[in-house]
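Here is the structure we will look at.
What you see is a predicted model, and the numbers here were worked out from it, not measured in a lab.
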Amino acid sequence: MKVYSIGLFKVVPGNKPVLLNIVYELSSFGFFQRGSVKEVSLFVSRETVGRTNVGERVSMEHTQTQKVCHTTVDSKGLGCSVLTDSEYPGRVAHTLIRICLEEFYKAHPESEWRGLQSDVELQTPALDQLLLKYQNPETADPMMNLQKNLDETITIVKKTVEQLGQRGEKLDDLAAKSDDLSFQSKAFMNNAERMNKCCGYV
């Protein structure tokens with residue numbers, strides 16, 4: 001799972017989105033590929049954010065690049081795009097978008113970028129930090145970490161139930177040999193087992 005870029009744009013319906021800031025994490029690409037990857041990332045981000053309606057949360061898969069561009073545009077016309085691989089969880093990407101918008105507003109009030117008509121680089125140091133932090137969604141997002149723990153617990157419980165099922169035959173043998181169980185208790189266990197098997201077919 002990887003985040004390749006975070007881009008912020010001024011979006012006016014009907015016009016080309018104006019780039020306000022973009023950061024990249026391209027260490028997985030070769031040195032000579034990085035320039036082309038940056039251009040493609042910017043193109044995909046700009047096109048996707050330009051087609052996103054105000055208030056929408058979009059996750060658009062680009063088959064040519066095998067990447068997913070997650071975008072949203074707020075009511076003031078500030079759009080954010082996060083370009084990830086196809087395995088990256090969409091919910092975490094949209095959480096990252098929300099945080100990036102908040103950080104951009106802290107660094108640059110609306111009056112600073114509202115009148116811009118051409119691409120600029122409004123430095124927002126928090127974006128670089130967020131880009132690195134969200135490379136691993138499980139550590140960056142508490143809900144993702146909780147989900148991972150739940151999944152591990154479910155796996156453990158499933159294994160335990162399977163192991164009990166495998167041991168079930170041995171428990172029956174042990175119960176038959178046990179001196180702790182009366183004849184009635186042994187009969188009850190056998191009848192309960194037969195009834196459970198019978199009810200399983202219904």
* Asked: Short question: side chain of Gln33, backbone of Gly30 - any donor-acceptor pair under 3.5 Å?
  -> yes
* Charged N to carboxylate O below 4.0 Å: is that the case for Glu102 and Lys106? -> no
* To do: Return yes if some donor-acceptor pair links the side-chain N/O of Lys67 with the main-chain N/O of Glu61 below 3.5 Å, else return no.
  => no
* To do: List the atom of Phe9, the atom of Leu20, and the distance in Å for their closest heavy-atom pair.
  => C-CD1, 3.9 Å
* Asked: Is atom CZ of Arg34 surrounded by more than 12 heavy atoms (other residues, nucleotides or ligands) closer than 6.0 Å?
  -> yes
* Please state whether the rings of Trp113 and Tyr105 are parallel, tilted or perpendicular, taking 30° and 60° as the class boundaries. => tilted
* Please examine the side chains of Cys100 and Leu127, heavy atoms only from C-beta on, and report whether any two atoms are closer than 4.5 Å. => yes
* Please lay out, stage by stage, how Val82 and Tyr134 fare under the test side-chain contact (heavy atoms from CB on, under 4.5 Å). => CA-CA 11 Å; Val82 171; Tyr134 274 81; over 6 Å; no
* Determine whether the side chains of His70 and Ser81 contain a donor N or O and an acceptor N or O closer than 3.5 Å. => no
* Single-linkage hydrophobic cluster, 4.5 Å side-chain cutoff, Leu19 and Val120 together -> no
* Partners of Phe43 by ring pair (Phe, Tyr, Trp, His ring centres under 6.0 Å), sequence neighbours excluded? -> none
* Atom NZ in Lys16, atom CD in Gln117: separation rounded to 0.5 Å? -> 12.5 Å
* Asked: Is the backbone N or O of Val3 less than 3.5 Å from a side-chain atom of Glu25, with the two atoms forming a donor-acceptor pair by type?
  -> no
* To do: Please report the closest heavy-atom contact between Thr72 and Leu101, naming both atoms and the distance.
  => CG2-CD1, 3.9 Å
* Indicate, with yes or no, if Val68 and Leu130 share a hydrophobic cluster defined by side-chain heavy-atom contacts under 4.5 Å among Ile, Leu, Val, Met, Phe, Trp and Tyr. => no
* To do: Using the rule that two of Ile, Leu, Val, Met, Phe, Trp, Tyr join whenever any of their side-chain heavy atoms come within less than 4.5 Å, decide whether Ile97 and Leu8 are in one cluster.
  => yes
* Taking everything shown except Lys2 itself, do over 12 heavy atoms lie less than 6.0 Å from its NZ? -> yes
* Asked: Can you list the steps and then say if Leu96 with Ile6 is a side-chain contact (heavy atoms from CB on, under 4.5 Å)?
  -> CA-CA 9 Å; Leu96 174 57; Ile6 300 171; 4.1 Å; yes
* Quick one: does Glu56's side chain have a donor or acceptor within less than 3.5 Å of a partner on Asn53's backbone? -> yes
* same_hphob_cluster(Val18, Ile22) at 4.5 Å side-chain heavy-atom cutoff -> no
* **Contact summary for Val49 and Gly79, nearest pair of heavy atoms** => CG2-CA, 3.9 Å
* Asked: Do the side chain of Lys76 and the main chain of Glu110 share a donor and acceptor less than 3.5 angstrom apart?
  -> no
* Could you tell me whether the side chain of Ser59 and the main chain of Arg57 form a donor-acceptor pair under 3.5 Å? => no
* Asked: Under a single-linkage definition using a 4.5 Å side-chain heavy-atom cutoff for Ile, Leu, Val, Met, Phe, Trp and Tyr, are Ile99 and Leu131 assigned to the same hydrophobic cluster?
  -> yes
* Asked: How long is the gap from CE on Met60 to OG on Ser45, to the nearest 0.5 Å?
  -> 11.5 Å
* Thinking salt bridges, do Arg46 and Asp119 make one under a 4.0 Å N-O criterion? -> yes
* Mind checking whether Val44 and Leu83 have side chains closer than 4.5 Å, heavy atoms only? -> yes
* Can you find a pair of side-chain heavy atoms, one from Arg51 and one from Val58, that are under 4.5 Å apart? -> no
* Between Ser41 and Glu39: side-chain donor-acceptor atoms closer than 3.5 Å -> no
* **Side chain proximity check, Gln129 to Glu103, heavy atoms < 4.5 angstrom** => no
* How long is the gap from CG on Asp128 to NZ on Lys133, to the nearest 0.5 Å? -> 14.5 Å
* Asked: Can you tell if the side chain of Leu122 reaches within under 4.5 Å of the side chain of Leu116, non-hydrogen atoms only?
  -> yes
* Asked: Got a second to check how far Asp74's CG is from Arg98's CZ, nearest 0.5 Å?
  -> 13.0 Å
* To do: Keeping the roles fixed (side chain from Asn21, backbone from Glu121), state whether a donor-acceptor pair exists under 3.5 Å.
  => no
* Asked: Considering the options Tyr24, Tyr88, Phe29, which one meets the ring-ring contact (aromatic ring centres under 6.0 Å, His included) requirement together with Tyr4?
  -> Phe29
* Asked: If every non-hydrogen atom of Ala107 is compared with every non-hydrogen atom of Thr124, which pair is closest and at what distance?
  -> CB-CG2, 4.2 Å
